[in-house]
Amino acid sequence: MPAPNGSNPVKLSLPLEYQQDLYKELNLEDELVILARGLGLLRIVTNLLHSFDAAGNNLVVIVGADDRENGWIGEALAEQAAISRSPAARGLSQVNTDAMSVGTREKMYTKGGIFSITSRILVVDLLSRLLNPETVTGLVVLHSERIVATSIEAFIIRIYRQMNKGGFLKAFSDNPEPFTGGFAPLSTMMRNLFLRKPSLWPRFHVTVAKSLEGRKKAEVIELEVPMTDAMRDIQNAILECVEVSIGDLRRTDTGIELDDWTLDSALHKSFDVIVRRQLDAVWHRVSYRTRQIVNDLTVLRSILHALLTYDCVSFNKYLDTILAAHQPPPGSNRQNQSPWLFLDAANIIFETAKRRVYTGKTVETEVPENATKLPDSLRPVLEEQPKWAVLAEVLDEIDRDAYLNPGLRDDSNGTVLIMCSDRSTCRQLREYLQNMKTQVQRKSEDNAQEETEAKPSAEFMMRRKLWRYFGWKKAFARVSAHLFAEQQKALEGFTSVSDKQGTNGYRGKGPPNKRRRVRGGSAAAAGGGRPVNGSMQVAEDKESQVASLMADIEPNGDEVNPKDDVAVDDLEDLEDYFELFEMNDLVVVHPYDGDMDEHVLEEVRPRYVIMYEPDAAFIRRVEVYRSSHDDRNVRVYFMYYGGSVEEQRYLSGVRKEKDAFTRLIKEKGNMAVTITHDASANDPQESFLRTVNTRIAGGGRLAATAEPPRVVVDVREFRSSLPSLLHGRSNIVVPCMLTVADYVLTPHICIERKSVRDLISSFKNGRLFNQAETMLQHYKYPMLLIEFDQNRSFTLDTFGTDHTTSSLKAENPSDLQSKIALLTLAFPRLKIIWSSSPYQTAEIFDELKKQQEEPDPIKAVQVGLIAGEDPSDQTFNQTPQEMLRVVPGMSEKNLSRITLEVRNVAEVSNLGEEELDVLIGKEAGRQVHRFFNRSVFDD
Amino acid sequence: QALPSRNAPSAILVSTRQKGNPSLNYIRSLPWEYSDIPSDYVLGATTCALFLSLKYHRLHPEYIYSRIRALGHKYNLRILLTMVDIDNHEESLKELSKTSLINNLTLILCWSAQEAGRYLELYKSYEHASPASIRAHQSTSYADKLVEFVTVPRSVNKTDAVSLVSAFGSVRAAVNAQPEQIAEITGWGEKKVQRWCETVRENFRIRK
C-alpha cells in the first residue's frame, strides 16, 4: 500500500465524520464498500483517487464507471489538485473508444496516472499485455453490484489478481439491493471480487446517523397532494388492465410465479421487470401472445408514470400515439392485438384522459354527419396537475418568508431550488412558472371569463398546448391514415375476399376489436356511446377521425386565434434552466441526477428546496449538505401525490434498501472467511498442476512438453462471458481483430457464436448467410455455435405451437427450425455445435482442440482481408449498421460499400439520389432515397 | 413390407430399422416409405439423416459409431438428428460435437418426436428450395420497415417510432433532428433521445 500522503500533505474535502472514517479504513485495507444511496459515494472515491494522484507515481485503473461519472471524477480530481496544489497530480485519463490507437494507449499507460478504461478495452489490453498488470498500482471497481462470476469485470479482476498480488483492489457500490438475491449473495460477490472484507454503511449506521443528525438538521415540510378524481379513475383503470394482463399471463402455461401478487403491488413494484425476469429463462420459447402481454405491461407502466408527470394534454397525446402504434396489422384478427385494449377499463383510460382535456355533450347518434353539430357543445376543460397550484403556493410562502425575515441571511443564497425527476418535467415546470402570471393579466382584460382572484393558473399555458395538440392531431391522423393506407393497399392484393366479408359480415354487429379503436379517435365515441354499427374498420376510422378533427378544431378556432401572437417560443435551449423570478431571487429547476446533485447543491447554495417528486437519495444529499455547512439553513418542501404510484414507490424504495442492509449485516456476521481463493491465486504451481491434470485426464498429450492451449478471439466477443470462461479453463486467450468468425480454435476450425436471440435476428437480416459463406471460403471446418443461456431452457421448441403444414411452404419459413434446415442445406460443410451454456461451450472447445495444432493469431487476423488492408480499419460500430441493414435495397454488398464510403446514418439520409446511384446503383439507390425522404404526411 | 421403389423422389425413404420410431407419426405432409438404405432416412438426392436418441446412446455408446462406419462417405449433407431425451446431456453432446466434426456430420438437436418429424419434413420439402429467405432481408411494408428502422437502438419502442416520425414528417428529418427537438416529443425521455442521436451520428467505421 503506497502511502498516499508523502512529502506533500493532501487536502481532502471530507467534512463529515463517517466520510473520514471510511476514508481511513479504505487506506488501510482492501474492501468492498457498500454505502447507502445519497451519502456521497463518489466524493469518497474521488478523494481516495486524489491521494494517489497527488503522490504522482501511480497507475490506478477505474473499472465500471459510466460516462457521467467519468466526467464527475475528472472534474473533482482537477479541482482537488488545484486546491492542494500538488504538482504531481495529472488528473483523470479516459480510455473509452476503440478510436484510440494501440500506440497511443501504450504511451498513456507507461506515463501512469489515474485511468478510467472501458471494460471491454481494458480486458483486451490486459490480455495482450499492452497494459502490464504488474505495473498497476491498484484497481478501483465502481458499481460492483453489477459484477457476476461470468461478467467481464470479474474477468478483469481475475487477470489482475493472477498477475499482480501486491496491488490494491477496492470495490464500491451504492446499491445494496442486488446483493441480497440468491444464496449467500455477499460471499459469492466477495469471491468474484477477490476481496475478503465487506464494509457496510447504511443510513442507520451509528456514525452516519451521528454525523447527519448531530448538528442542526434540515427542516423538512411534507406536502401530500391529492390526485384529482379523473386522475384516480385513470390510475384505477390502468391497474385493472395490469391485473387482467397478469391474469392472462398466468393462464399461459409458462409457469409464471406471482403468488404474492396483489393489485397493490402493481403500485410499487416494477412489475413488468419482475415478469420479464421470470420469463427470461424461457423467453425464446414463449408464444407471440405472451410476449405481447409482457410488452403491454411495460406500456401500461409507462402510462402510469405519464399520468403523474405529464400535463393532461400531453398525456392524452401520448395515449393517442400508443393507440396508433397498437393498431393491428391489416388482415389480422383479434388474436394479434393487445388484450388490454379490449377492456372496459382501457375505455375508461382513454375516455377520462380525453375528458380532462375537453368535453362535448353526449351525442347519441354516431353518424359522422352529426359531427357538424358538435362545435357548440365542445369546450376545453384543461385540468391542471394538482401539484402546480401547490408549487405556486409554496413559492408564494417562500416569498413572504423571505420578505418577513430579511435578517435571517446566512451563507446560502436566497435561491429556490426545485428538483424534479426528469428534464421534460423541468421543461413543464419552467413553462408553468413562466406563464402562471400571464393568465391573470389576460383575465383582467377579458371579462368574458369567470373572474377569480389573482391566483396563479396554468390556463394560459394549457390553452396554448391544446391548440398545438389539435394541430398535431390533424397531422398525426394523416400520418397514421397514410401508413395504414399502404398496408391496406398491400392487403387488397390477396385478401379481397375477406375484405368483402369484412364490410358485409361485420356490419351491424361490431366485432369487439373495432370498438376500442373507434373510441380512440372519433367524436361520436367521445360521448361514451357504443357505436353499434362499426362497419369495416379502415373506412370508418378515417372518416370518423376526420370528422372528429373538424369538430374539435372549429369550436376552438376563435379561442385559439387571439393567442397566435402570444405563442412565442418557449426558450428552446435546454442548458438554460435559469430564469428571473421576482426581484433578484433565482428559481432553479433541476432534474435529479444521481451524484451530480451534490454539485448542484454546493453551487446553488439554496435557502429553499422544493422536491417536486420524492427521491430518497436526494433527501440524504440535503442532509449531507446541511451537516457539512454550519452556516447554511435549508428548508425542504417535499411533495407527493397521496395514494399514488409515486408515494408507494418512494416508500417501498426506502424499505427495500433498509431490508437489504439488514440482510447484508446479518450475512456479514456469519460469513465464513474465505481464504481459499487467495491461496490458489498465490500459488502458481498449483494452477500449473491443475493445467497438467486436466490435459492428461482428457487423454491428450503431456502438457509439460506441449505449448499451452491457445484460442484466438475476436475483440468484439469480449462482451460475452465465453472468453472469460476459456481463460478460466487455462487457455491462453489471444484477443484479435478478426474479419472472419468469432473464435479460431485450430488452424482449420473456426467458430461463429450465436445466442438464440442473435440467431433469430441474423437469420432475419441475412447476416448469418454471409458469415457462413466467408467462413467456408477460408476454413476447412467452419462451425456455427448455437449457445443457450446458462439458466434458460435448452430447447427451441415453442410452447403450445402446433406445426401446421401451411408453414411448410418454402416461401414462408417462419420458425427457427426451418431456417436452420435451409442453412444446412445451403452449406452442407457447416457444422453446428449446440451448447446449453457458456460453461458447456468452454468444455466443447477444449474437446475440439484436443490433439490439434494451436492456431496462429497472425494468420487468423489476415484471413478475409484483401491484401494490404489494415485489420484495424475493419472495426465497425454495430448498431448503426443494424439500422442500415433494415433499409430497403440494402444488400450485404451495398451495405459494406456504404459503410466504407459514408460516415454515418445521418449522412446516408442526406445523400441525393444521384450520389446513391453512384454508390450502390440505380434501383437500390432509389429505394434507399425513397425510404429516407418519403413524407408520411402525403403520398 | 413395402417394396423399395427406386424412383420415388417425392417420398422420404425410411430405413426399416426405424420402425416404431414415434417421429414417423409426425411426418404427415409428405409421403414416406420403407427402403433398404444405409442411413436411417434419405431426404433427398444428396441428403441423409441418422437418428439417435441420447437415452439409447448412453446405453449403447458404440451403436452410432458402427452406423457412421456403415455410412462410409456417402451423401453430401449427413445429418445426425439427435433427440435430447435425458437431462444430463452435456457429456454426450460434447462427444457428439467432436464426432460430428471428425465424421462430417451435421448435428441437429430436437427435443420431441414431433420436432424430429418436423425436421425430416423440412429437409425433404426444402430439397430444391433456394436459400433466399435467409439470404437477405425480407421486404415488408413501408410502415413496418420504418418502425423496424427506428427501433434498432435499444429501449426505443414502437410507440416511440410512430411518434418520432409523425413529429418530423420523414425518416430523414427524424434522423437529422436535434436532441432538443426530439426531447419535446411525449414519451421520448433523455436516455432514448441520447441513444437515438448517438446512433444516427455514430460513425460506421471506427477510424484511427
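Per chain, numbering begins at 1; letters A, B, ... match sequence-line order.
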Top contributor to chain A contacts, counting heavy-atom pairs under 4.5 Å, from [options]:
{"options": "B/Leu105, B/Leu43, B/Val165", "result": "B/Leu105"}
{"options": "B/Val175, B/Val150, B/Val171, B/Val200", "result": "B/Val200"}
{"options": "B/Gly189, B/Ser163, B/Ala174", "result": "B/Ser163"}

Region of [X] in contact with chain B, defined by heavy-atom distances below 4.5 Å:
{"X": "A/Glu907", "value": "neither"}
{"X": "A/Phe931", "value": "both"}
{"X": "A/Gln840", "value": "side chain"}
{"X": "A/Ile749", "value": "side chain"}
{"X": "A/Thr321", "value": "both"}
{"X": "A/Ala821", "value": "both"}
{"X": "A/Ile820", "value": "both"}

Counting only N and O atoms by type, is there a donor-acceptor contact under 3.5 Å from the side chain of [X] to the main-chain atoms of [Y]?
{"X": "A/Trp834", "Y": "B/Leu107", "result": "yes"}
{"X": "A/Glu882", "Y": "B/Val152", "result": "no"}
{"X": "B/Lys145", "Y": "A/Val886", "result": "yes"}

Between [Y] and [X], is there a side-chain heavy-atom distance shorter than 4.5 Å?
{"X": "A/Ile832", "Y": "B/Thr106", "result": "yes"}
{"X": "B/Arg118", "Y": "A/Ser818", "result": "yes"}
{"X": "B/Ser170", "Y": "A/Phe932", "result": "no"}
{"X": "A/Gln817", "Y": "B/Glu115", "result": "yes"}
{"X": "A/Val905", "Y": "B/Arg201", "result": "no"}
{"X": "A/Thr879", "Y": "B/Glu198", "result": "no"}
{"X": "B/Arg172", "Y": "A/Arg934", "result": "no"}

Relative to chain A, which segment of [X] carries a heavy atom at a distance below 4.5 Å: side chain, backbone, both, or neither?
{"X": "B/Tyr119", "answer": "side chain"}
{"X": "B/Ser97", "answer": "both"}
{"X": "B/Glu190", "answer": "side chain"}
{"X": "B/Leu96", "answer": "neither"}
{"X": "B/Asn76", "answer": "both"}

Which value, rounded to the nearest 0.5 Å, describes the distance between [X] atom [atom1] and [Y] atom [atom2]?
{"X": "A/Leu825", "Y": "B/His128", "atom1": "CG", "atom2": "NE2", "answer": "10.5 Å"}
{"X": "A/Lys819", "Y": "B/Tyr126", "atom1": "NZ", "atom2": "OH", "answer": "9.0 Å"}
{"X": "A/Ser836", "Y": "B/Leu109", "atom1": "OG", "atom2": "CG", "answer": "10.0 Å"}
{"X": "B/Leu93", "Y": "A/Glu843", "atom1": "CG", "atom2": "CD", "answer": "11.5 Å"}

Using distance alone, with no hydrogens and no angle criterion, decide if [X] and [Y] have a side-chain donor and acceptor under 3.5 Å apart.
{"X": "A/Thr824", "Y": "B/Tyr123", "value": "yes"}
{"X": "A/Lys831", "Y": "B/Asn104", "value": "yes"}
{"X": "A/Arg903", "Y": "B/Asn203", "value": "no"}

Point to revise | Pairing of B/Lys98 and A/Glu847 as salt bridge, 4.0 angstrom limit | key: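 So B/Lys98 does not pair with A/Glu847 through a salt bridge.
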
Check your understanding: Any salt bridge between B/Glu184 and A/Arg427, counting N to O under 4.0 Å?
Key ->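 Answer for the salt bridge query: yes.
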
**Study point:** B/Trp196 versus A/Met883, closest heavy-atom pair with distance
**Key:**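 Nearest heavy atoms, B/Trp196 then A/Met883: CZ3-CE, 3.4 Å.
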
Exercise for review: Indicate the atoms forming the closest heavy-atom contact of B/Ala129 with A/Leu822, along with that distance.
Suggested key: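 In this case the closest contact between B/Ala129 and A/Leu822 is CB-CD2, 4.2 Å.
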
Under a 4.5 Å heavy-atom cutoff, which of [options] has the most pairs with chain B?
{"options": "A/Ile898, A/Ile833, A/Leu848, A/Thr298", "result": "A/Leu848"}
{"options": "A/Ser835, A/Ser909, A/Ala772", "result": "A/Ser909"}
{"options": "A/Ile844, A/Asn910, A/Asn933, A/Val887", "result": "A/Asn910"}

Taking [atom1] in [X] as the centre, count heavy atoms belonging to other residues, nucleotides or ligands within less than 6.0 Å. Is the count above 12?
{"X": "A/Tyr781", "atom1": "OH", "result": "no"}
{"X": "B/Asp87", "atom1": "CG", "result": "no"}
{"X": "B/His60", "atom1": "NE2", "result": "yes"}

